[in-house]
K.L.:
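A single structure is presented below for examination.
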Amino acid sequence: MNMNLNYIFLILPLAILFVNIILLIFFYNKIIVYITFVSNLIIFFIYCILSCYLDFSIAEIQYKYILNFVPAYFGIHYLMVDTISYFFILLTGFLFPLCILYIYGESERVNKKNSLIILLILEFFIILCFTVSDFFLFYVSFEVLLIPMIFLIYFFGSRGRKVHSIYLFLFYTLVGSIFLLYSLLLVYKVYGNLEFTSILDLSKLSIEEQKLLTILLFFGFAVKIPVFPVHLWLPEAHVEAPTVGSVLLAGILLKLGGYGMLRLLLPISNNVLLEYKAFFITLVSLSILYGGLAAIRQVDLKKIIAYSSVVHMNIGLLGLFTQTSAGLIGFIFLMVSHGIISSALFFGVGMLYERIHTKNILYIQGLSRVMPKFSVFFLLFCLANLSLPGTCNFIGEILVFLSLGVENSYFALMIGVFSAFFCTLFCLILIVKTLYGQIDRKFGVIYDLTNAETFIMFILFFYVILFGLCPGFIIQNLEVLEYTFIN
């Protein structure tokens, strides 16, 4: 294993972020902002180059860097990358430069220095979450992410209920953390360490311990996805968060729950999931049904998109619990596609809010008359959100539905397909309410997208279509998961 490559792919991105945080704190100016943006592009480029060096035909860890400075009480700590984590860090590297570009174009009312510092701290710990090798460091990074996210909502939130949303965010996340902490202690008691590779050996776990860990890990990560009834924090957090906060929350932070289930829950529950499968699939199906119904009755643009996130993330979970190759690939594909499409929709809402200072669809109409570029992109992303064929959401959902058919999970399949009707309905509501009709005169002069905003929307739509028409890059490189998680 090439030590130089280990350093480039695993340590260099974190070192770049650390240096950028120091520069922003002590030497903030316009040039430092440019350097921060270019540095994040370099990080994304590093992760793109990594795809040329990874062997996607094997599931083992291919690059790792041992962290000698971390106490080895819970095993050997190292950063690593494999087939499972790669697409998550690639999505992270893709979205953060767009967030920085968006912050740079925001009005002068926003404290850009503090926004960028919080943003880079978030990116640092998100990358840690996706590259650490053991449950202990994952749990620590997972919890530390709460702090910058709370600061982002509190200092840059848009309304007066942001403190209430922070309380909900803290309460639900900490409840989930109790389940994860108990799971961590139980795994350490059995294995003597907390490395992910050790957990793949189920011979040390009794059936009762496997059942207990399955329940604990499911509810611990269900808060982050989120699954009904532990979902109430998400719409409030989205509504109160600034635009980049909503983008990162939907685009990446929700994926931590899915990644945790893939990395920890699925290996441990492999032998006992059949006993709980009906319960999990029923709960996830209720989440899909509830999310679709709740989205239809909302009037806040962000809440509509937030509940659509609940629907799409839980459709992905249906694929995960089928324990089939198509279901697992559909799960990861849907998380990646949802990360791109939901981020684009939240970017669009933020751009609109900058101009008219409202997200209420009862007051927004006729945008196609004054914002043609915005209207075209918003229409296209709404169509992508309802999984129109040719977009990446369609590929992920059709793989999940195929896996449900193979497993004879007809109830879940019926709920999943029926959810397509709700997705179509609330996406059509978004399109009709906002783009058509007569513009309200009280808004005054409304200008269309700037060049930077147009670039953000274009690049996101480019990948929506690219993965929708050419899904092979993800699908073919995930086929190895069948031999990792499926007996």
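Note that the structure is predicted; figures quoted are calculated from it, not measured.
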K.L.:
Is there a donor-acceptor pair closer than 3.5 Å between any side-chain N or O of Lys211 and the backbone N or O of Ser269?
P.N.:
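Checked: no pair found.
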K.L.:
Any chance the rings of Tyr276 and Phe321 have centres within less than 6.0 Å?
P.N.:
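No: the rings miss the under 6.0 Å criterion.
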K.L.:
State, with a plain yes or no, whether a side-chain heavy atom of Tyr53 is found less than 4.5 Å away from one of Ile8.
P.N.:
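A side-chain contact under 4.5 Å is absent here.
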K.L.:
Would you confirm whether Lys204, through its side chain, and Val190, through its main-chain N or O, come within 3.5 Å as a donor-acceptor pair?
P.N.:
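Absent.
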K.L.:
Can you tell me if Thr391 uses its side chain to pair, donor with acceptor, with the backbone of Ser387 under 3.5 Å?
P.N.:
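Not confirmed, Thr391 side chain does not pair with Ser387 backbone.
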K.L.:
Between the main-chain N or O of Asn385 and the side-chain N or O of His312, is there a donor-acceptor pair closer than 3.5 Å?
P.N.:
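Judged by distance alone, yes, a pair lies under 3.5 Å.
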K.L.:
Give me the atom names and distance for the closest heavy-atom approach of Leu152 to Gly245.
P.N.:
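Of all heavy-atom pairs spanning Leu152 and Gly245, the closest is CD2-CA, 3.6 Å.
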K.L.:
Once the angle between the rings of Phe179 and Phe219 is folded into 0 to 90°, is it parallel (under 30°), tilted (30 to 60°) or perpendicular (over 60°)?
P.N.:
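The rings of Phe179 and Phe219 sit tilted, inter-plane angle from 30° to 60°.
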K.L.:
Are Ser133 and Lys64 close enough that a side-chain donor and a side-chain acceptor fall under 3.5 Å?
P.N.:
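Lys64 and Ser133 do not have a side-chain donor-acceptor pair below 3.5 Å.
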K.L.:
Report yes if some heavy atom in the side chain of Leu79 is under 4.5 Å from a heavy atom in the side chain of Val132; otherwise report no.
P.N.:
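In short, these two side chains touch, coming nearer than 4.5 Å.
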K.L.:
Tell me, yes or no, whether the heavy-atom count around Phe151 atom CZ, taken from other residues, nucleotides or ligands under 6.0 Å, exceeds 12.
P.N.:
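Count not over threshold, so no.
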K.L.:
Residues in salt bridge (charged side-chain N to carboxylate O under 4.0 Å, His left out) with Glu209, at least two apart?
P.N.:
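Once residues adjacent in sequence are excluded, Glu209 has no partner under the salt bridge (charged side-chain N to carboxylate O under 4.0 Å, His left out) criterion.
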K.L.:
For Cys392 and Phe467, work out which heavy atoms get closest and say how close.
P.N.:
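Smallest heavy-atom distance, with atoms named: CB-CB, 3.8 Å.
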K.L.:
Going through the checks in order, is the ring pair (Phe, Tyr, Trp, His ring centres under 6.0 Å) test met by Tyr104 and Tyr34?
P.N.:
CA-CA 9 Å; Tyr104 180 75; Tyr34 291 152; 5.7 Å; yes
K.L.:
Looking at Lys255 and Thr92, would you say the former's side chain and the latter's main chain have a donor-acceptor pair under 3.5 Å?
P.N.:
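No: the side chain of Lys255 does not pair with the backbone of Thr92.
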K.L.:
Please examine the side chains of Leu248 and Phe96, heavy atoms only from C-beta on, and report whether any two atoms are closer than 4.5 Å.
P.N.:
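Yes, side chains in contact.
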K.L.:
Between Lys303 and His238, is any pair of side-chain heavy atoms under 4.5 Å apart?
P.N.:
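A side-chain contact is absent here, since even the closest heavy-atom pair is not under 4.5 Å.
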K.L.:
Angle class for the Tyr259/Phe138 ring planes (parallel below 30°, perpendicular above 60°, tilted otherwise)?
P.N.:
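Tilted.
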K.L.:
Report yes if some heavy atom in the side chain of Phe401 is under 4.5 Å from a heavy atom in the side chain of Ile315; otherwise report no.
P.N.:
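Side chain of Phe401 against side chain of Ile315, heavy atoms only: contact under 4.5 Å found.
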K.L.:
Between Phe94 and Phe44, how do the two ring planes meet: parallel, tilted or perpendicular, split at 30° and 60°?
P.N.:
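Judged by the thresholds at 30° and 60°, the geometry between Phe94 and Phe44 is tilted.
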K.L.:
Is any side-chain heavy atom of Val244 less than 4.5 Å from a side-chain heavy atom of Ser115?
P.N.:
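Counting from C-beta outward, Val244 and Ser115 never come under 4.5 Å.
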K.L.:
Identify the two heavy atoms, one from Ser39 and one from Ile16, that lie closest to each other, and give their separation to 0.1 Å.
P.N.:
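Minimum heavy-atom contact is CB-CG2, 3.5 Å.
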K.L.:
Start with the C-alpha distance between Ser308 and Ile305, add both sets of side-chain angles, then the distance that settles side-chain contact (heavy atoms from CB on, under 4.5 Å), and finish with yes or no.
P.N.:
CA-CA 5 Å; Ser308 78; Ile305 301 168; 4.1 Å; yes
K.L.:
Using ring pair (Phe, Tyr, Trp, His ring centres under 6.0 Å) as the criterion, point out the one residue from Phe124, Phe125, Phe88, Phe87 that pairs with Phe130.
P.N.:
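Of all the options given, the one that passes is Phe88.
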K.L.:
Just by modelled atom types, is the Tyr47 backbone N or O under 3.5 Å from a matching donor or acceptor in the Ser51 side chain?
P.N.:
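No; judged by distance alone, with no hydrogens or angles, the pair does not exist.
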K.L.:
What I'd like to find out is whether the side chain of Tyr139 reaches to under 4.5 Å of the side chain of Leu194, using heavy atoms alone.
P.N.:
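They are not in contact (no side-chain heavy atoms under 4.5 Å apart), so the answer is no.
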K.L.:
So that I know where these two stand, are Phe347 and Phe381 an aromatic pair - ring centroids less than 6.0 Å apart?
P.N.:
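Here the rings of Phe381 and Phe347 have centres that are no less than 6.0 Å from each other.
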K.L.:
Looking only at heavy atoms, which two atoms of Lys113 and Leu24 are closest? And how far apart?
P.N.:
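For Lys113 and Leu24, the tightest heavy-atom pair comes out as CE-O, 3.2 Å.
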K.L.:
Nearest 0.5 Å, please: how far is CG in Leu266 from CZ in Phe331?
P.N.:
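Here the interatomic distance stands at 9.0 Å.
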K.L.:
Any side-chain heavy atom of Phe461 within less than 4.5 Å of one from Ile465?
P.N.:
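Yes, side chains in contact.
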K.L.:
Which label fits Phe221 and Phe142: parallel for a plane angle under 30°, tilted from 30 to 60°, or perpendicular past 60°?
P.N.:
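Phe221 vs Phe142 ring planes: perpendicular.
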K.L.:
Would you say the side-chain atoms of Asp82 pair up with the backbone N or O of Ser85, donor to acceptor, closer than 3.5 Å?
P.N.:
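It does hold such a pair.
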K.L.:
Between Val311 and Gly292, which heavy-atom pair has the shortest distance, and what is it?
P.N.:
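Reported closest heavy-atom pair: CG2-N, 3.3 Å.
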K.L.:
Kindly give the heavy-atom pair with the smallest separation between Gly316 and Val400, and that separation in Å.
P.N.:
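What the structure gives for the nearest pair is CA-CG2, 4.4 Å.
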